[in-house]
Amino acid sequence: MIFTVVVHASPCQNAAPESALRYCKALLSAGHTLHRVFFYRDGVFNGNQLISSPPDELNIMRAWQELAEEHSIDLVICIAAAIRRGVLDATEATRYERDQTNLAEKFNLSGLGQLVEACILSDRVITFGGQG
Amino acid sequence: MIFTVVVHASPCQNAAPESALRYCKALLSAGHTLHRVFFYRDGVFNGNQLISSPPDELNIMRAWQELAEEHSIDLVICIAAAIRRGVLDATEATRYERDQTNLAEKFNLSGLGQLVEACILSDRVITFGGQG
Amino acid sequence: MTTLHTLNQAPSNVNLMQSCVGSLQPDDTLLLIEDGVYWLLNTHRAKLPAALKIKALRLDAQARGLTPLVSEVDLIEMDEFINLSVLHNKIVSWF
Amino acid sequence: MTTLHTLNQAPSNVNLMQSCVGSLQPDDTLLLIEDGVYWLLNTHRAKLPAALKIKALRLDAQARGLTPLVSEVDLIEMDEFINLSVLHNKIVSWF
Amino acid sequence: MNSPKNILLMSRRAPYGSSAARDLLDIALTCSVFEQNVALLLLDDGVLQLLANQDPQVIQQKNLNSLQSSLSLYDIEKIYIDADALEHHGLSHSELHIPVTLLTKIEISQLIANSDIVLTV
Amino acid sequence: MNSPKNILLMSRRAPYGSSAARDLLDIALTCSVFEQNVALLLLDDGVLQLLANQDPQVIQQKNLNSLQSSLSLYDIEKIYIDADALEHHGLSHSELHIPVTLLTKIEISQLIANSDIVLTV
């Protein structure tokens, strides 16, 4: 089956991203297809390249990257949510006249259309969110 | 009177930072002293220099900077919370081997001791937080 | 010593309000801010102790379309929020 | 069409559970995840409809110290979460 | 080309305290652009999103009332609210600023059952 | 040098679902380093922070039980919990892994009244 996983919450303050990651790994282990992970609202912070966890803690950004690497997963961050929150790739940094970027590799900024397209093409869509 | 304002929530997804900002402005207008604004938990995202709001929306990071500029306010971001969430100044970027930074000017990374010291030195401490 | 309590969550968070109200002393004040202002709606307000001193931020009530539905005397401006902060000995935030 | 419902908030969020339970059809399943696993505690579980099919993620229950306090048959592994996702026609997340 | 799916967007959050109400509308408009059958379902504090007379300029937020009014321009006509929630807040139909359909709990469970995808905000 | 303040740290959140429980402990230890009189007050779902037998390694989190056990090493002895909340969850004193003082609602209101500063996490 084709799955899409949606993440609404920031890491650190919320267990939802880690639940989402475990869910993705489990569905891949079961032989299903993960069409896309879509990060919306404070979920965009999952793709902040500057996250620097202590060595004995999970770095969720790196964990998503490893998942994408191993299984060629499409990690899409909602561009409108990301810009407002300050998660920028080089293109957006130029557009907004910033000289730094912080979007982690393997993540891509794109529109909400990628969420709706994923809903159309997937058999199952599951959202991991928190309060707020 | 001497006030300290504590902010626990990320902007965009939460009204708390904007409430905190209005509170700071009101107490300064009333002639009180604002000893410090301390950003903890997801509140550290208030100091993300890359926040890029559309022109017709409030950019809370800029608004904090303007407040600091006008009234010489001490804007302190909890360093442990910031590193985990990826809000880094040049020193921390070097320490964690990142080639980019995103801490906005006027904000400083420091320890939780700055929160407790503010509690000791202030007549009133108020927290603006959200769920999570 | 008296306390100013702020509460910023909407009425579906019943437990939050119960804990807050249970922690109040007679001379304390409860200030509703952000989504907390919806507690001013008659049906919710009726569930709170009658003797409780309740205020709400006008800005937050006005933003949410509540001004036609609630009592004008309960609404305060930001400068009064600061006054209440000074008049009470401390501030407790419920969120 | 059947639905798998997930719920991830602790029992103080009573309204969330009420809305969730009210939205269930007879063949639906409720899966408790993250802080939602505390609903397995006897006193909370007793408030939920007896006919309701309830499961909880073992990882989340174990992390929180719940395994000695709850019924073993209610706990499932991650692979069973995926099975339930496949067996139901859709997933609704309550948070 | 796939046939349109029935996508249900569900929210139980009050407006302005979080961005949920606005994010819900953004998803709804995008679903409409992709020509999906989209419906909105507001539960609990979510019904407060539709209160009339909102004036959020005073807290430097965009007015959701105007965005909500534009839903019909995008052919988004299915706006459902939990009748119990409206009553719980002591509100009536007339205090909301756009037409909605009130649902009982059973009707809500049927609406969910008949949807292909449910997204929560 | 100022005399120590009575700082009350209050939380009503369950552990692990959010970082609140851990952040509370971090503030408590810092208060102790600054030689303030610190007390912890756990309400609602916050009492669940103290459940014994936590094993969060399975979700890659640090064990709060060990951190909580170290509180007494920092002379943090005043750990108060809402007796009603404990009962609400159907739990008893014996299911918590460190000694605590159960308070009634009136005692809680007095504890807050007698504190100089209250921080919520």
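In what follows, every chain begins at residue 1, and chains take the letters A, B, ... in the order their sequences are listed. What's counted below: heavy atoms across the whole structure, side chains too, no hydrogens, waters or symmetry copies.
- Interatomic distance, CE of F:M10 versus OG1 of B:T127, reported as 9.0 Å (0.5 Å rounding).
- Residues F:S18 and B:G132 share a closest heavy-atom pair of CB-C, 3.6 Å.
- The two residues F:R13 and B:Q131 have their closest heavy-atom pair at NH2-CA, 3.7 Å.
- Considering OG1 of F:T30 and CD of B:Q114, their distance stands at 11.0 Å, rounded to 0.5 Å.
- Around atom CD1 of F:I106, no more than 12 heavy atoms belonging to other residues, nucleotides or ligands sit under 6.0 Å away.
- The distance from atom CG of B:L112 to atom CG of F:L29, rounded to the nearest 0.5 Å, is 9.5 Å.
- Taking CG from F:D23 and SG from B:C78, the interatomic distance works out to 8.0 Å, rounded to the nearest 0.5 Å.
- Heavy atoms closer than 4.5 Å to chain B are found in the backbone of F:T120, but not in its side chain.
- Around the CD atom of B:E69, the shell of radius 6.0 Å holds no more than 12 heavy atoms that belong to other residues, nucleotides or ligands.
- Atom CD of F:E87 is surrounded by 12 or fewer heavy atoms from other residues, nucleotides or ligands within 6.0 Å.
- For chain B, the nearby parts of F:I27 are the backbone and the side chain; heavy atoms of each come within less than 4.5 Å.
- The SG atom of B:C119 sits 8.5 Å away from atom CD of F:Q36, with the distance rounded to the nearest 0.5 Å.
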Is there a side-chain contact (heavy atoms from CB on, under 4.5 Å) between F:V121 and B:H8 once you walk through the steps?
-> CA-CA 8 Å; F:V121 181; B:H8 280 205; 4.2 Å; yes
Which is it for B:L115 and F:L119 under the side-chain contact (heavy atoms from CB on, under 4.5 Å) test, yes or no, and what are the steps along the way?
-> CA-CA 10 Å; B:L115 170 61; F:L119 297 177; 4.2 Å; yes
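- Under a cut-off of 6.0 angstrom, the local environment of CD in B:E105 is sparse, with at most 12 non-hydrogen atoms contributed by other residues, nucleotides or ligands.
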Show your working on side-chain contact (heavy atoms from CB on, under 4.5 Å) between B:R41 and F:S19 and close with a plain yes or no.
-> CA-CA 8 Å; B:R41 312 189 75 215; F:S19 64; 3.1 Å; yes
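- Interface remark: F:R22 contributes side-chain atoms only to the contact with chain B (heavy atom separation under 4.5 Å).
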